[in-house]
Amino acid sequence: MKWSETYIPTLREEPTEAEIISHKLLVRAGYIRKLAAGVYNYLPLMQKVLLKITQIVREEMDRAGAQEILMPVLHPAELWLATKRWETVGKELMKMKDRHLRDLVLGGTHEEVVTHLIRGELRSYRQLPLNLYQIQTKFRDEIRPRFGLMRSREFIMKDAYTFDADENGLKTSYQKMVDAYFRIFERCGLETKKVESDTGAMGGKAAHEFMVMVETDGGENVIFACDNCDYAANIEKAISIEPSERESKEAEKPLQKVSTPNMKTVEEVTGFLNVPARKLVKTLLYKADGEVIAALIRGDRQINETKLKNSLKVIELEMADAVTVQRITEAQVGYAGPVGLKGVKLIGDKEVLNLTNFVTGANEDGFHLTDVNIDRDFKLDAVADIRSATLDELCPKCEKGRLKTAKGIEVGNTFMLGTKYSEALNATFVDEHGQEKFFIMGSYGVGITRTAQAAVEKFHDEGGIIWPVPIAPYLAEIVPVNFQDEKQRETALEIYHKMQDKNLEVLLDDRNERAGVKFNDADLIGIPLRITIGEKSLKEGKVEVKVRGSQATVSLRKDEVLEGFLKILSEIESTGKESTKT
RNA sequence: CGGGGUGUAGCGCAGCCUGGUAGCGCACAUGGUUUGGGACCAUGCUGUCGGAGGUUCAAAUCCUCUCACCCCGACCA
């Protein structure tokens with residue numbers, strides 16, 4: 001393709017709409033343009049990248065025995081009502097009405113539709129397992145779309161669904177998908193880490209996320225990984241086990257009420273009373289499916305709402321508003337405590353059990369209690385792991401290593417769903433004993449658009465994008481320094497046509513721009529190899545090949561360009577593969 | 001949803017406080033000189049000042065409403 005015949009609107013200046021580097025680069029390099037908040041146009045270069053990724057995904061899905069289908073984007077509300085996800089997915093579900101005012105959903109995932117599809121027609125265990133997938137635009141009404149394609153309201157996803165006769169079948173199907181996912185991302189030039197995750201509104205038994213680890217701001221997810229074993233989980237899931245260092249069991253002291261005027265935060269109270277934050281217990285009031293509950297957690301810890309939600313088995317969980325807090329505690333926000341709190345279920349974090357003589361709010365403006373003790377002063381209704389894991393805490397799996405944190409971009413996820421959807425939609429088959437049984441399902445997603453941006457977040461420099469070879473929009477860009485010069489133009493066209501004849505994807509910068517503009521644009525759009533044709537080397541019958549992201553250039557005789565080019569290409573492809581394995 | 005901010009040419013911005021001819025840079029067009037890392041000269045084109053209403057002789061500017069977009073928050077009592 002000639003630059004003059006395609007559409008690559010590069011920008012000299014950084015776009016103001018973008019915050020993270022990959023978003024800035026995709027806009028600047030002419031890959032994407034925004035239409036509305038979280039809604040993007042994919043320009044020619046982007047479309048090429050997306051097609052490369054979908055092709056890899058397709059090949060690996062097919063290899064894993066999945067069948068490609070295409071389901072509707074538009075779903076009737078009834079299906080979503082049947083599985084209760086009309087409520088549980090809640091506001092993230094993109095809803096609309098047709099002219100008859102019937103409710104419709106723009107699909108963000110297709111468990112309901114695929115289950116409805118096979119219901120009644122997939123009847124025998126002999127037809128199992130079955131794996132159906134599609135690659136399609138999805139919709140999610142994100143609370144706050146941001147970071148370009150990372151969190152958008154409309155995006156492209158590959159979603160696959162497996163149907164099995166029993167749990168062992170699901171395990172096998174699941175493992176096949178996991179293996180396929182590692183292959184997909186490796187082929188895209190991306191090393192991924194598989195981490196345990198919460199199942200959330202998706203439901204089911206177990207779930208994993210595939211993360212591209214990055215050190216930039218684009219890494220939205222915090223993950224914990226053991227430095228000794230293979231345990232890895234995201235922050236919502238990472239399990240905290242019993243604290244290794246138990247608090248010394250000092251003798252219980254008598255309860256005291258102390259004046260703490262205008263001290264509301266943990267820092268203010270602990271600073272004033274001169275006690276460490278770990279000796280204070282925060283009392284956090286929540287509305288859990290409409291009922292007010294209190295969560296107790298150490299002052300130096302973060303509550304984990306996902307864990308709290310799961311331990312309470314509720315769908316909606318939100319912090320109680322100030323009015324509710326005042327009604328329950330009869331005090332301003334900042335003075336809540338478990339002692340004497342009435343009509344509210346108390347959930348304590350496991351760690352709180354180890355505390356003696358701690359500080360809490362007094363449920364009275366300007367007062368806290370010191371030397372509070374569980375059982376003597378109040379009783380807990382439940383104890384659970386409801387805090388977020390912290391750096392260096394003991395690994396819950398091997399109990400030897402320490403948990404380290406890292407940032408990742410979630411590019412894929414896998415869910416062992418079980419029978420949640422088949423039961424809700426009454427999808428059954430007949431097993432070998434003639435028994436009606438619910439399908440055991442699994443669901444598997446790959447964010448195609450997000451994978452593309454993750455690659456940019458991972459591979460770039462000051463000059464622009466550095467695409468991994470397998471997903472680059474073009475393999476090579478030919479840059480004649482001066483396209484007006486007849487010799488340069490002829491050489492450029494000759495090489496261009498030779499490469500096209502060999503089906504090598506090549507971009508020829510035929511614009512009448514100065515060399516600097518063309519070099520900068522070449523760096524920006526990130527094509528792996530640049531073939532430079534200039535006056536000096538052309539006098540010796542040579543052209544230069546430069547690898548994007550490295551300073552080295554190789555001079556090649558122009559009649560050897562093709563062979564030399566292919567050699568360099570195979571070299572960088574193999575180094576790329578090695579680096580993804582480390 | 002709460003808080004903050006921004007909407008002026010394709011892009012980036014100034015002008016608004018203190019009402020009175022709508023500007024700058026880039027881009028774009030034409031001609032010329034140039035051509036190995038974002039050239040230069042000349043000429044030219046480009047606007048319902050986000051929208052609606054109001055105040056005024058007069059509104060980009062002041063007031064009211066509204067829409068869109070961006071950032072922070074929506075767990076740390």
Side-chain angles (χ1 to χ4, degrees), chain A residues 9-20 23 27-28 30 33-39 90-91 143-148 217 235-236 260 262-270 277 280-287 294-309 317-322 324-326 328-329 331-337 349 359-363 365 368 386-388 390 462-464 479-485 488-489 509 511-524 530 532-539 543-544 546 551 553:
Chain A
T10 57
L11 303 172
R12 293 190 181 212
E13 294 172 78
E14 283 204 340
T16 48
E17 73 190 51
E19 197 72 9
I20 62 170
H23 184 197
V27 173
R28 255 198 83 202
R33 286 292 182 267
K34 189 175 68 178
L35 176 64
V39 182
K91 289 173 182 164
I143 186 166
R144 179 144 86 91
R146 65 185 137 174
F147 301 154
D217 294 338
I235 191 165
E236 291 179 339
T260 51
N262 294 318
M263 313 255 166
K264 297 179 181 180
T265 66
V266 171
E267 293 74 35
E268 286 166 358
V269 174
T270 54
L280 180 142
V281 170
K282 295 190 278 196
T283 303
L284 310 175
L285 295 181
Y286 279 90
K287 271 189 182 165
L296 270 58
I297 180 168
R298 239 167 63 177
D300 58 337
R301 299 303 197 194
Q302 311 272 90
I303 191 136
N304 184 318
E305 290 193 344
T306 302
K307 288 182 179 178
L308 180 59
K309 211 167 169 176
L317 182 75
E318 58 177 355
M319 296 231 77
D321 54 80
T324 306
V325 172
Q326 284 171 30
I328 301 285
T329 66
Q332 280 180 37
V333 171
Y335 296 102
D349 181 66
V359 177
T360 73
N363 298 321
D365 282 357
H368 278 76
I386 56 169
R387 71 176 175 93
S388 287
T390 53
E462 321 74 55
V479 181
V481 168
N482 181 359
F483 199 66
Q484 300 301 100
D485 180 274
Q488 292 182 38
R489 185 171 65 238
D509 194 343
R511 294 175 298 171
N512 185 20
E513 289 286 353
R514 295 173 67 83
V517 173
K518 293 197 265 196
F519 290 151
N520 280 320
D521 273 349
D523 289 347
L524 187 59
R530 189 182 85 195
T532 312
I533 298 162
E535 194 178 6
K536 286 174 223 160
S537 46
L538 206 52
K539 272 184 187 158
V543 301
E544 291 151 30
K546 183 173 183 298
Q551 286 308 307
T553 59

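The sequence lines fix the lettering, A, B, ..., with proteins before strands; numbering per chain opens at 1.
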Which whole-number value in Å describes the distance from A:Lys536 NZ to B:G36 P?
-> 7 Å
Return the nucleotide paired to B:A39: Watson-Crick means purine N1 to pyrimidine N3 with N6-O4 or O6-N4, wobble means G-U with N1-O2 and O6-N3, both under 3.5 Å.
-> B:U33
Side chain to side chain contact (heavy atoms under 4.5 Å, CB included) partners of A:Arg489, counting only residues at least two apart = A:Phe483, A:Glu486, A:Leu493
Do you know the tightest heavy-atom contact between A:Leu280 and A:Val266?
-> CD2-CG2, 3.9 Å
Base, sugar-phosphate alone, or nothing: which one does A:Thr329 contact when heavy atoms must sit under 4.0 Å apart?
-> nothing
With both distances under 3.5 Å as the test, what is the Watson-Crick or G-U wobble partner of B:C17?
-> none
To the nearest angstrom, the CD-C1' distance between A:Glu236 and B:C75 comes to 12 Å
Where the side chain of A:Lys307 meets the backbone of A:Arg387, is there a donor-acceptor pair that is under 3.5 Å apart?
-> yes
Counting any heavy atom closer than 4.0 Å, what does A:Leu285 reach on the DNA or RNA strands: base, sugar-phosphate only, or nothing?
-> base
Any residue meeting side-chain hydrogen bond (donor to acceptor under 3.5 Å, both in side chains) with A:Gln488, in chain and number order, not counting sequence neighbours | none
Who is the Watson-Crick or G-U wobble partner of B:G7, with both distances under 3.5 Å?
-> B:C67
Measure from the side chain of A:Ala36, starting at C-beta and using heavy atoms only, and say which of B:G73, B:C69, B:G12 lies closest.
-> B:C69
Check for a donor-acceptor pair, side chain of A:Asn363 on one end and backbone N or O of A:Gly337 on the other, with a separation under 3.5 Å.
-> yes
Roughly how many Å is it from OH in A:Tyr286 to P in B:A74, rounded to a whole number?
-> 10 Å
Quick one, give me the B/S/- string for nucleotides 37-45 of chain B, reading 5' to 3', where B means a protein heavy atom under 4.0 Å from the base and S means that only happens at the primed atoms, P, OP1 or OP2.
-> BBB------
Rounded distance in Å - CD (A:Glu17) to P (B:C70) = 8 Å
What distance, rounded to whole Å, do you find between the two C1' atoms, one in B:G50 and one in B:G7?
-> 6 Å
Taking atom C1' in both B:G47 and B:U56, compute the distance separating them and give it to the nearest angstrom.
-> 24 Å
Is A:Arg144 near enough to B:C71 that one of its side-chain N or O atoms lies under 4.0 angstrom from OP1 or OP2?
-> yes
Per nearest nucleotide of RNA chain B, the residue lying toward the 5' end, A:Ala18 or A:Val325, is A:Ala18
Can you tell me, in whole Å, how much space there is between the C1' of B:G4 and that of B:C40?
-> 44 Å
Interatomic distance at C1', B:G44 relative to B:G5, whole Å | 37 Å
Under 3.5 Å: donor-acceptor pair, side chain of A:Asp365, backbone of A:Gln332 = yes
Using a cut-off of 4.0 Å on non-hydrogen atoms, how would the nucleic acid contact of A:Val479 be classed: base, sugar-phosphate, or nothing?
-> nothing
Could you tell me whether the side chain of A:Gln488 has a donor or acceptor atom within less than 3.5 Å of a complementary atom in the base of B:G36?
-> no
Counterpart base for B:G73, defined by Watson-Crick or G-U wobble contacts under 3.5 Å = B:C1
Verdict with supporting geometry, A:Thr329 and A:Tyr335, side-chain contact (heavy atoms from CB on, under 4.5 Å) = CA-CA 8 Å; A:Thr329 66; A:Tyr335 296 102; over 6 Å; no
For atom P, what is the distance between B:G54 and B:C45, given to the nearest Å?
-> 35 Å
Quote, to the nearest angstrom, the P distance that separates B:C63 from B:G19.
-> 12 Å
What pairs with A:Thr265 under side chain to side chain contact (heavy atoms under 4.5 Å, CB included), at least two apart in sequence or on another chain?
-> A:Glu267, A:Glu268
Pick base, sugar-phosphate or nothing for A:Glu19, based on heavy-atom distances below 4.0 Å to the nucleic acid.
-> sugar-phosphate
Can you tell me if the side-chain N/O atoms of A:Lys34 get under 4.0 Å from OP1 or OP2 in B:C70?
-> yes
Figure out the CZ/C1' separation between A:Phe147 and B:C69, and round it to whole Å.
-> 16 Å
Please figure out whether A:Asn482 or A:Asn304 has its closest RNA chain B nucleotide nearer the 5' end.
-> A:Asn482
To the nearest Å, how far apart are A:Phe483 CZ and B:U34 C1'?
-> 18 Å
Among the nucleotides B:C72, B:U35, B:A74, which one has an atom lying closest to any side-chain atom of A:Ile143?
-> B:A74
Using purine N1 to pyrimidine N3 plus N6-O4 or O6-N4 for Watson-Crick, or N1-O2 and O6-N3 for G-U wobble, each under 3.5 Å, what pairs with B:U56?
-> none
Whole-Å distance separating the CD atom of A:Glu13 from the P atom of B:G25 = 13 Å
Taking CZ from A:Arg146 and C1' from B:A74, how many angstroms apart are they, rounded to a whole number?
-> 11 Å
What distance separates A:Lys518 NZ from A:Asn482 CG, expressed to the nearest 0.5 Å?
-> 6.5 Å
Under the side chain to side chain contact (heavy atoms under 4.5 Å, CB included) test, which residues partner A:Thr16, sequence neighbours left out?
-> none
When the C1' atoms of B:C49 and B:U43 are considered, how many whole Å apart are they?
-> 27 Å
Just checking A:Ile297: base, sugar-phosphate only, or nothing, at a heavy-atom cut-off of under 4.0 Å?
-> nothing
Residues passing the salt bridge (Lys or Arg N to Asp or Glu O under 4.0 Å) test with A:Asp485, sequence neighbours excluded, are none
Go through the N and O atoms of the side chain of A:Ser537 and the base of B:G36, and report whether any donor-acceptor pair is under 3.5 Å.
-> yes
Closest nucleotide among B:G36, B:U35, B:C72 to the A:Asn512 side chain = B:U35
Considering only the C1' atoms, how many Å lie between B:A59 and B:A52, rounded to the nearest integer?
-> 15 Å
Protein N or O to nucleotides 2-8 of chain B N or O, pairs below 3.5 Å:
none

Sugar-phosphate only, base, or nothing, as touched by A:Glu268 at under 4.0 Å among non-hydrogen atoms = nothing
Identify the nucleotide, in any strand shown, that forms a Watson-Crick or G-U wobble pair with B:U48, with both distances under 3.5 Å; if there is none, say none.
-> none
Nearest to side-chain heavy atoms of A:Ala37, which nucleotide of B:C75, B:G25, B:C69 | B:C69
Would you please name every residue forming a side-chain hydrogen bond (donor to acceptor under 3.5 Å, both in side chains) with A:Arg530, sequence neighbours left out?
-> A:Thr532
Using side chain to side chain contact (heavy atoms under 4.5 Å, CB included) as the criterion, list what pairs up with A:Leu11, not counting sequence neighbours.
-> A:Val27, A:Arg28, A:Arg33
